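Order of listing sets the numbers, starting from 1, for every ligand and every atom in it. Just the heavy atoms: all of them, side chains too, but no hydrogens, waters or symmetry mates, feed the values below. All of these numbers come straight from a predicted model, not from anything done at the bench.
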Amino acid sequence: MAENRAYDWIDKSLATIEKAGWHRQVKQINDRPGAVIELEGQSLINFASNDYLGLAGDERLIRAATEAIQQYGTGTTGSRLLSGHRQLHQNLESAIAQLKQTEDALVFSSGYLANIGTITALVGTRDLILADQYNHSSLKNGATIAGATIINYNHCDLEHLEENLQAYRSSYRRCLIVTDTVFSMDGDICPLPKILDLAESYEAMVLVDEAHGTGVMGKRGAGCVEYYGCSDRALIQMGTLSKALGSLGGYIAGSAKLIDFLRNRAPSWIYTTGLSPADTAAALEAIHIIHKEPERRQQLWESIINLKQNLAHLPLLPSESPILCLKLNNPQQAVQLSADLQNNGIYVPAIRPPTVPFSRLRISLMATHQPQHLQKLLEVINSEFFS
Ligand SMILES: *Cc1c(COP(=O)(O)O)cnc(C)c1O
């Protein structure tokens with residue numbers, strides 16, 4: 001066979017990634033998710049999970065998923081519009097709408113697909129997207145696929161957002177402002193009420209990504225929109241079933257007309273298989289638990305406040321969430337510190353460019369962390385930072 005050199009560039013590309021200290025690999029976890037995990041044979045206190053309420057390994061979710069498989073089988077066999085729709089989907093969408101206090105909701109196969117499908121349905125080449133520079137990859141890629149003009153405004157900078165609205169809004173048909181509510185790699189939150197005010201003044205739509213807000217923020221755990229008292233304002237709320245809800249999938253919550261429109265125009269909902277019965281049932285059970293057990297959220301917030309106070313002497317990034325980041329000088333330092341913590345029984349991942357502009361350790365808290373878990377974390381961090 002003739003030699004084909006078309007793939008040789010991959011070697012060079014990998015070498016460049018390695019040289020920059022950016023190379024990443026998977027790590028295997030062999031037991032159920034929880035505050036303590038077994039990672040590559042070592043027992044570690046887990047500060048790397050998005051399972052904020054500790055539900056991904058909960059017996060009740062496991063039972064709900066198992067029963068759903070018994071009743072409906074493992075796969076939904078088709079698009080929701082053809083053979084893939086079940087009563088379970090309906091129940092989950094009603095539960096999401098009720099939690100978010102919206103007219104309706106629509107579940108996607110992942111949060112990533114919810115963002116891509118929704119943004120591409122809402123805007124096109126004649127339209128403008130104004131996006132926070134720190135937005136999640138799924139919002140950025142959704143914007144690119146939509147073909148709209150994209151302008152990134154400085155992180156949470158309302159003046160910069162308004163300057164752009166003033167300068168460019170009138171040149172476009174529709175305008176969509178997109179932002180994370182809780183920023184996933186920083187832990188701070190967007191100034192939502194003022195963003196909504198600007199959106200009203202300039203006739204712009206707003207899409208908020210509540211991936212890290214749902215189940216965590218707000219009195220009932222509905223998210224940042226609830227936390228800010230903005231549930232009755234016009235906006236589009238996206239979120240995921242994969243973080244505090246302990247399952248897999250994503251959703252959009254909003255007006256009945258918006259949801260009806262998305263069922264007809266969101267390609268990543270129309271042309272993909274309906275969410276599996278197990279994932280759907282697990283997420284539905286998680287929403288019941290969020291209503292029934294507010295003490296989980298209270299426990300989480302006690303830990304957040306406690307840890308924030310005890311990390312105040314270190315270079316902690318501003319945070320209003322379970323995500324607490326320690327700023328570091330370079331990727332090598334981040335990787336070294338993360339490895340040192342791991343040798344001492346603590347799992348805190350290093351987050352490096354290109355994911356973020358500068359390297360950091362990213363600690364994420366769960367409702368199921370015990371006081372002794374936090375104490376151990378502080379002991380080890382203090383000894384490593386000052387060694
Ligand atoms: C995790 C995440 C997503 C994607 O959600 P998945 O359900 O994991 O695909 C989208 N947006 C943000 C901000 C996230 O952190």
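At the shortest separation from atom 5 (O) of ligand 1 among protein heavy atoms lies Gly111 CA, 3.5 Å. Atom 8 (O) of ligand 1 has its closest protein heavy atom at Ser242 OG, 4.0 Å.
Outside the 6.0 Å centre-distance limit, the rings of Phe47 and His373 are not counted as a close aromatic pair.
Listed by atom number, the atoms of ligand 1 under 4.0 Å from Thr240 heavy atoms are 5 (O), 6 (P), 7 (O). Less than 4.0 angstrom separates some heavy atom of Ala211 from each of these atoms of ligand 1: 2 (C), 11 (N), 12 (C), 13 (C), 14 (C), 15 (O). Annotation for ligand 1: atoms under 4.0 Å from non-hydrogen atoms of Asp209 are 10 (C), 11 (N), 12 (C), 13 (C). Atoms of ligand 1 found under 4.0 Å from any heavy atom of Tyr112 (numbered from 1 in listed order, with element): 4 (C), 5 (O), 6 (P), 9 (O). Remark: ligand 1 atoms within the under-4.0 Å shell around heavy atoms of Gly249 are 7 (O). Residue Ser184 approaches ligand 1 through these ligand atoms, each under 4.0 Å from one of its heavy atoms: 15 (O).
Considering backbone and side-chain atoms together, Met238 places no N or O closer than 3.5 Å to any N or O of ligand 1.
Checking Asp209 against Asn135 by side-chain atom types alone, no donor-acceptor pair falls below 3.5 Å.
Residues Leu316 and Leu377 are members of one and the same hydrophobic cluster, defined by side-chain heavy-atom contacts under 4.5 angstrom among Ile, Leu, Val, Met, Phe, Trp and Tyr.
The residue among His212, Lys243, His136 with a heavy atom at the shortest distance from atom 1 (C) of ligand 1 is Lys243.
By the 6.0 Å and 45° rule, Lys243 does not stack over the aromatic ring of Tyr52. A cation-pi geometry, defined here as NZ or CZ lying under 6.0 Å from the six-membered ring centre and within 45° of its normal, does not hold between Arg5 and Tyr7.
Under the side-chain contact (heavy atoms from CB on, under 4.5 Å) rule, Arg296 has a single partner from Leu55, Val216, Ile290, which is Leu55.
Remark: the backbone N or O of Ile270 is paired with a side-chain donor or acceptor of Ser79 at under 3.5 angstrom.
When side chains are defined from C-beta on, Gln166 counts as touching Tyr202, because their heavy atoms get closer than 4.5 Å.
Heavy-atom separations between Ser138 and ligand 1 include at least one value shorter than 4.0 Å.
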